[in-house]
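A, B, ... follow the sequence lines: proteins, then strands. Residue 1 opens every chain. What's counted below: heavy atoms across the whole structure, side chains too, no hydrogens, waters or symmetry copies.
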2 protein chains.
Amino acid sequence: MEEGTFLSQGNTCVPGPLRAGDTVERGACAVTEVLDRVGSKWSIMVIVSAAAGPIRFTELERKITGISRRMLTLTLRNLERDGLISRTVYPTAPPKVEYALTEVGIELNEYLAQLTTWAERHRTTIHQARTAYDAARAAG
Amino acid sequence: MEEGTFLSQGNTCVPGPLRAGDTVERGACAVTEVLDRVGSKWSIMVIVSAAAGPIRFTELERKITGISRRMLTLTLRNLERDGLISRTVYPTAPPKVEYALTEVGIELNEYLAQLTTWAERHRTTIHQARTAYDAARAAG
DNA sequence: CAGCATCCTGGGCGATACTG
DNA sequence: CAGTATCGCCCAGGATGCTG
């Protein structure tokens with residue numbers, strides 16, 4: 001498999017405190033690192049799907065409507081590589097593979113849940129803001 | 001400006017509790033909504049940059065290394081549309097425009113900070129996981 | 001079933017030139 | 001200064017066929 005085709009992957013952040021005048025990369029770098037692994041909606045979907053317990057490849061494919069086989073594989077590999085998800089192969093016939101969140105993955109999922117809460121709390125507000133903005137634009 | 005070119009924009013999530021067997025969209029939908037607004041690294045960078053207080057267009061352009069003028073504009077418009085950032089024009093010559101986080105934007109920024117904390121806490125672990133994974137692959 | 005490799009296309013994004 | 005409009009490139013990602 002070719003490298004560097006899925007998300008950025010190449011983020012090397014320099015740790016340490018920020019100083020005034022720094023470019024924002026210094027500050028947003030850690031956030032960017034997060035995005036590098038969960039910034040795509042597929043990653044999120046996989047994490048959420050696996051949160052309830054171990055889940056198989058085809059189950060994921062069925063549960064996450066619209067994902068292509070290719071992207072599911074790619075996403076799983078990346079999450080596995082980052083140690084957010086574990087992959088267990090049962091040498092049966094036909095083969096059976098289960099994916100489950102790791103400790104770190106579980107923790108991440110909890111933070112994502114926080115964001116979910118935020119989104120739900122402000123869903124209406126944001127939607128209204130959009131409508132208002134668009135109306136204002138249309139009015140000229 | 002053309003519509004629908006920046007991120008997805010078209011997410012209509014159905015609220016309400018989940019039921020077993022639901023596709024994961026139902027559960028991840030709110031998360032996806034979040035990503036629709038802050039899923040790009042540029043959005044994050046802008047939010048973080050504006051977190052310290054009102055900031056001007058050119059300041060943003062300078063602070064966020066690598067962003068194109070086009071993307072900065074697009075990102076700002078979207079954040080403004082969602083009511084996450086406010087835009088204030090001072091009718092001077094030359095014109096002066098200041099961007100600042102709204103209440104909702106500030107709150108979001110706090111959740112992003114949580115994610116940052118998570119990322120920093122596990123940076124080393126994740127990096128090691130990657131190295132191990134790559135090594136295992138290389139070994140065959 | 002799980003998943004790798006190949007082909008191919010759309011649109012996201014950078015670069016640039018122009019305006020009030 | 002703070003944008004907008006236009007052009008063109010590139011690659012993320014969908015579709016698909018092949019294996020163990």
Side-chain angles (χ1 to χ4, degrees), chain A residues 1-10 35-46 49-50 54-81 85-100 137 140, chain B residues 1-10 35-37 39-46 49-50 54-81 85-100 133 137 140:
Chain A
M1 190 191 310
E2 199 178 347
E3 280 307 317
T5 55
F6 183 71
L7 299 179
S8 49
Q9 303 275 21
L35 283 180
D36 284 349
R37 10 204 102 80
V38 296
S40 88
K41 71 176 200 173
W42 297 139
S43 299
I44 305 264
M45 298 250 187
V46 167
S49 297
I55 187 169
R56 302 180 59 177
F57 188 89
T58 312
E59 289 184 277
L60 283 168
E61 200 173 11
R62 206 175 315 126
K63 213 174 181 188
I64 306 175
T65 308
I67 195 171
S68 66
R69 186 158 292 168
R70 172 187 152 84
M71 282 318 286
L72 179 54
T73 303
L74 241 37
T75 304
L76 284 168
R77 289 298 163 274
N78 273 275
L79 291 174
E80 189 194 354
R81 184 167 108 107
I85 217 169
S86 68
R87 178 173 180 273
T88 312
V89 182
Y90 299 91
T92 58
K96 174 178 172 182
V97 179
E98 275 188 348
Y99 293 93
R137 288 235 123 189
Chain B
M1 190 188 310
E2 201 176 345
E3 278 310 316
T5 56
F6 183 70
L7 299 177
S8 50
Q9 304 274 21
L35 282 180
D36 283 349
R37 7 205 104 80
S40 88
K41 70 177 201 172
W42 297 139
S43 298
I44 304 264
M45 297 251 189
V46 167
S49 295
I55 188 169
R56 302 179 58 175
F57 187 89
T58 311
E59 289 183 278
L60 283 168
E61 200 172 12
R62 205 175 314 125
K63 214 175 180 185
I64 306 176
T65 308
I67 196 172
S68 67
R69 184 159 295 167
R70 174 186 150 85
M71 282 317 287
L72 180 54
T73 303
L74 241 36
T75 304
L76 284 168
R77 289 298 164 274
N78 272 275
L79 291 174
E80 188 195 355
R81 185 167 107 108
I85 217 169
S86 68
R87 178 173 181 273
T88 313
V89 182
Y90 299 90
T92 58
K96 175 180 172 179
V97 179
E98 275 188 347
Y99 293 94
Y133 183 89
R137 289 235 124 189

[X] side-chain proximity, nearest of [options]:
| X | options | result |
| --- | --- | --- |
| B/T73 | D/dT4, C/dA2, D/dA2 | D/dT4 |
| B/F57 | D/dT4, C/dG14, D/dG3 | D/dG3 |
| B/R70 | C/dG14, D/dG3, C/dG3 | C/dG14 |

>> List the residues meeting side-chain hydrogen bond (donor to acceptor under 3.5 Å, both in side chains) with A/E61, not counting sequence neighbours, and say none if there are none.
In response: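 A/R69.
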>> I'd like to check the side-chain hydrogen bond (donor to acceptor under 3.5 Å, both in side chains) partners of A/R56; sequence neighbours left out, ordered by chain and number.
In response: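 Result, side-chain hydrogen bond (donor to acceptor under 3.5 Å, both in side chains) vs A/R56: none returned.
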>> Using five pairs at each end of the helix from C/dC1-D/dG20 to C/dG20-D/dC1 to define an axis, what is the angle between those two axes, to 10°?
In response: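 That helix has its two terminal axes inclined by roughly 50°.
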> For A/E59 and C/dG3, what is the distance between atoms CD and C1' respectively, to the nearest whole Å?
Replying inline: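 Going from CD in A/E59 over to C1' in C/dG3 covers 16 Å.
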> Could you state the CZ-P distance from A/R56 to C/dG3, rounded to the nearest angstrom?
Replying inline: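 Those two atoms, CZ and P, are 10 Å apart.
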>> Nearest 0.5 angstrom please: B/S49 OG to B/I55 CD1, how far?
In response: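 Here the interatomic distance stands at 5.5 Å.
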> Counting only non-hydrogen atoms, which of residues 90-97 of chain A are less than 4.0 Å from DNA chain C?
Replying inline: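 Residues of residues 90-97 of chain A under 4.0 Å from DNA chain C: A/P94, A/P95, A/V97.
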>> For a quick test of reading the model: is some side-chain N or O of A/W42 closer than 4.0 Å to OP1 or OP2 of D/dG14?
In response: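 Affirmative; the distance criterion is met.
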Cut-off 3.5 Å, no hydrogens considered: what does the side-chain donor-acceptor table look like for residues 88-95 of chain A, sequence neighbours left out?
residue, atom, partner, partner atom, Å
A/Y90, OH, A/E98, OE1, 3.2
A/T92, OG1, A/Y90, O, 3.4
A/T92, OG1, A/P94, O, 2.9

>> Would A/Y99 and A/L79 count as a side-chain contact (heavy atoms from CB on, under 4.5 Å) here? Give the steps.
In response: CA-CA 10 Å; A/Y99 293 93; A/L79 291 174; over 6 Å; no
>> Does B/R69 reach a base, just sugar-phosphate, or nothing at all? Heavy atoms under 4.0 Å.
In response: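 Answer is base: heavy atoms of B/R69 come under 4.0 Å of a base.
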